[in-house]
Amino acid sequence: MTGASGWIWDPDSWQEWAIRLLRQHHGADNVIKVPDQDRGDLGIECFTRSGIVYQCYCPENPDLSPRALYGNHRDKITADINKFIKNETELVRLFGSVKIRSWILFTPRHESHKSVQHCSEKATLVRNSNLPYATDDFMIDVHELADYKDSAEILNRGPILPAPVGVPATVPKATPDGIDFRHIQSPLISTMDEKLSRIPQLKNPEKRATYRASLLGSQLAGEGLLDRYLESIPEVHQQIIDCVASVERGLLLAYGPGDHPHKVLGSVIEDVRIRVEQVVPGIAKSNAESIALMAVTDWLQQCPLDFEEAG
């Protein structure tokens with residue numbers, strides 16, 4: 001909902017955006033989301049490995065006065081801190097070894113000192129409850145969107161990569177079974193080999209086998225990267241899939257008779273790599289290249305990429 005204040009959020013879109021923003025701010029691997037679809041929530045949207053709990057909250061009305069907004073915040077904090085205390089058994093299992101030092105209501109706007117006073121009172125209540133998952137200096141606070149301005153600007157430019165996903169992938173020299181890629185045979189690899197043989201620089205069978213092995217290793221590395229994206233940040237995985245599909249759709253019309261095969265191959269690889277870097281800002285160049293080589297290897301084995309003889 002958009003009001004006179006320029007507030008554009010509704011509760012669902014705020015929750016989705018807020019968690020993405022917090023992952024950008026803390027690092028995607030450091031924020032654990034707590035889904036609420038199964039028998040309700042525990043008064044927690046997510047928590048960090050460093051001991052910060054976030055509850056993301058957006059009132060329905062975008063134009064509440066500061067006093068009315070405080071009332072909303074007060075009631076939300078009261079209800080969810082009661083859950084934080086009451087659900088001790090579930091939360092012990094949820095947090096594991098993480099000790100919670102701060103509980104934060106994350107909301108688009110925060111405009112009353114009374115919210116700060118209420119947070120202080122509720123923090124004392126939690127400390128006096130001697131919860132096994134709360135630190136002795138446990139605090140409660142209200143944060144607003146403006147407090148995360150820098151992270152929000154970065155997020156608007158593109159998705160954040162979890163640290164392990166951003167680390168350059170290692171291109172394997174053999175299959176998981178230890179088989180040298182040069183010695184693998186299959187109908188699809190035979191198709192790829194026949195196409196590669198039309199490249200003058202790869203006429204020599206030994207050179208071609210070496211290059212083919214490099215492509216197969218990169219294909220495995222690219223597939224592994226995509227699996228990691230799918231697990232950690234599925235929106236990035238989907239962006240890459242869409243990007244690769246877009247290049248594939250244009251292959252049949254992009255090249256034709258008279259185009260030098262080695263230039264076609266190099267151009268397609270570079271096109272995919274650049275597009276991946278555009279949709280995933282910050283991705284390691286070697287990772288974008290592995291994804292490009294993965295796509296090209298697949299296309300060489302199937303129909304989309306071929307080298308036509310000059311007519």
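In this chain, numbering begins with 1 at the start of the sequence shown.
Within the 3.5 Å criterion, the main-chain N or O of S214 finds a donor-acceptor partner in the side chain of S218. Using modelled atom types, one side-chain atom of T191 and one backbone atom of P187 make a donor-acceptor pair closer than 3.5 Å. A donor-acceptor pair under 3.5 Å is formed between the side chain of R208 and the backbone N or O of L202. Judged purely by atom type and a 3.5 angstrom limit, T124 uses its side chain to pair as donor or acceptor with the backbone of S120. With hydrogens and angles disregarded, no donor-acceptor distance shorter than 3.5 Å links the side chain of N87 to the backbone of E90. Of the possible polar contacts, none joining the T78 side chain to the D75 backbone as a donor-acceptor pair under 3.5 Å is found. Listed for the T48 side chain is no donor-acceptor partner under 3.5 Å among the backbone atoms of N30. At distances below 3.5 Å, not a single donor-acceptor pair connects side-chain atoms of W103 with backbone N or O atoms of A123. In terms of modelled atom types and a separation under 3.5 Å, the side chain of R109 and the main chain of L64 share a donor-acceptor contact.
With contacts defined as side-chain heavy-atom distances shorter than 4.5 Å, the pair F181/L220 qualifies. The side-chain heavy atoms of E223 and Q219, taken from C-beta on, include a pair separated by under 4.5 Å. Proximity of L265 to H262: side-chain heavy atoms (C-beta onward) are nowhere separated by under 4.5 Å. Between I81 and I85 there is a side-chain heavy-atom pair separated by less than 4.5 Å. Side-chain atoms of Q15 and E45, non-hydrogen and from C-beta on, do get closer than 4.5 Å to each other. By the 4.5 Å heavy-atom criterion applied to side chains, V247 and W299 are counted as neighbours. Looking at K33 and L22, their side chains never come closer than 4.5 Å, going by heavy atoms from C-beta outward.
A distance of 11.0 Å separates CD1 of I77 from CD1 of I104, quoted to the nearest 0.5 Å. To the nearest 0.5 Å, atoms CZ (R275) and CG (D242) are separated by 12.0 Å. Put simply, NZ on K122 and CG on N82 are 5.5 Å apart, with the number rounded to the nearest 0.5 Å. Once rounded to the nearest 0.5 Å, the distance linking OG of S50 with NE2 of H26 reads 6.0 Å. Within the model, atoms OG of S286 and CZ of R273 stand 10.5 Å from one another, a figure rounded to the nearest 0.5 Å. One distance of note links CE of M192 with CZ of R212; it measures 6.0 Å at 0.5 Å rounding.
Atom NZ of K99 is surrounded by more than 12 heavy atoms from other residues, nucleotides or ligands within 6.0 Å. By the 6.0 Å contact criterion, NZ on K203 is enclosed, its count of non-hydrogen atoms from other residues, nucleotides or ligands being greater than 12.
Across all non-hydrogen atoms, the minimal contact from S112 to P66 is CB-O, 4.3 Å. Heavy-atom minimum distance, G217 versus P172: O-CD, 3.4 Å. Nearest heavy-atom pair, T107 versus W14, reported as atom, atom and distance to 0.1 Å: C-CZ2, 3.5 Å. Between A295 and V244, the shortest heavy-atom distance links the atoms CB-CG1, 3.7 Å. Listed here is the closest heavy atom pair of K76 and D80: CE-OD2, 2.8 Å. Shortest non-hydrogen contact noted between Y211 and I269 is OH-CD1, 4.1 Å.
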Compile the donor-acceptor pairs under 3.5 Å between side chains in residues 130-145 and protein atoms, sequence neighbours left out, one pair per line.
from: Y133; atom 1: OH; to: F84; atom 2: O; distance (Å): 2.6
from: T135; atom 1: OG1; to: D137; atom 2: OD1; distance (Å): 2.7
from: T135; atom 1: OG1; to: F138; atom 2: N; distance (Å): 3.4
from: D141; atom 1: OD2; to: H143; atom 2: NE2; distance (Å): 3.3
from: H143; atom 1: ND1; to: Y148; atom 2: OH; distance (Å): 2.7
from: E144; atom 1: OE1; to: H110; atom 2: N; distance (Å): 3.0

For L225 and M294, what are the C-alpha separation, side-chain angles and deciding distance, and is it a side-chain contact (heavy atoms from CB on, under 4.5 Å)? CA-CA 10 Å; L225 278 173; M294 174 202 70; over 6 Å; no
Please assess L21 against F106 for the test side-chain contact (heavy atoms from CB on, under 4.5 Å), listing each intermediate value before the final yes or no. CA-CA 11 Å; L21 178 61; F106 187 30; 3.7 Å; yes
Are E16 and R20 close enough, and set up right, to give a salt bridge (charged side-chain N to carboxylate O under 4.0 Å, His left out), and what steps lead you there? CA-CA 7 Å; E16 179 183 353; R20 292 178 61 203; 5.3 Å; no
Please assess K114 against R67 for the test side-chain contact (heavy atoms from CB on, under 4.5 Å), listing each intermediate value before the final yes or no. CA-CA 9 Å; K114 288 184 176 294; R67 178 175 294 182; over 6 Å; no
Set out, in order, the CA-CA distance, both residues' side-chain angles and the distance that settles side-chain contact (heavy atoms from CB on, under 4.5 Å) for I32 and V98, then state yes or no. CA-CA 11 Å; I32 296 93; V98 177; over 6 Å; no
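Two different hydrophobic clusters hold V31 and I100 under the rule that ILVMFWY side chains link at heavy-atom gaps under 4.5 Å. In the hydrophobic clustering of this structure, I241 groups with Y229; members are Ile, Leu, Val, Met, Phe, Trp, Tyr whose side-chain heavy atoms approach within less than 4.5 Å, directly or through other members. By the rule that hydrophobic residues join a cluster once side-chain heavy atoms approach within less than 4.5 Å of another member, V92 and I44 end up as members of one cluster. In terms of hydrophobic clustering, with Ile, Leu, Val, Met, Phe, Trp and Tyr side chains grouped at heavy-atom distances under 4.5 Å, V126 and L94 are assigned to a common cluster. A chain of hydrophobic side-chain contacts below 4.5 Å, direct or via other Ile, Leu, Val, Met, Phe, Trp or Tyr residues, connects L226 to L293.
Ring pair H25/Y54: centre-to-centre distance not below 6.0 Å.
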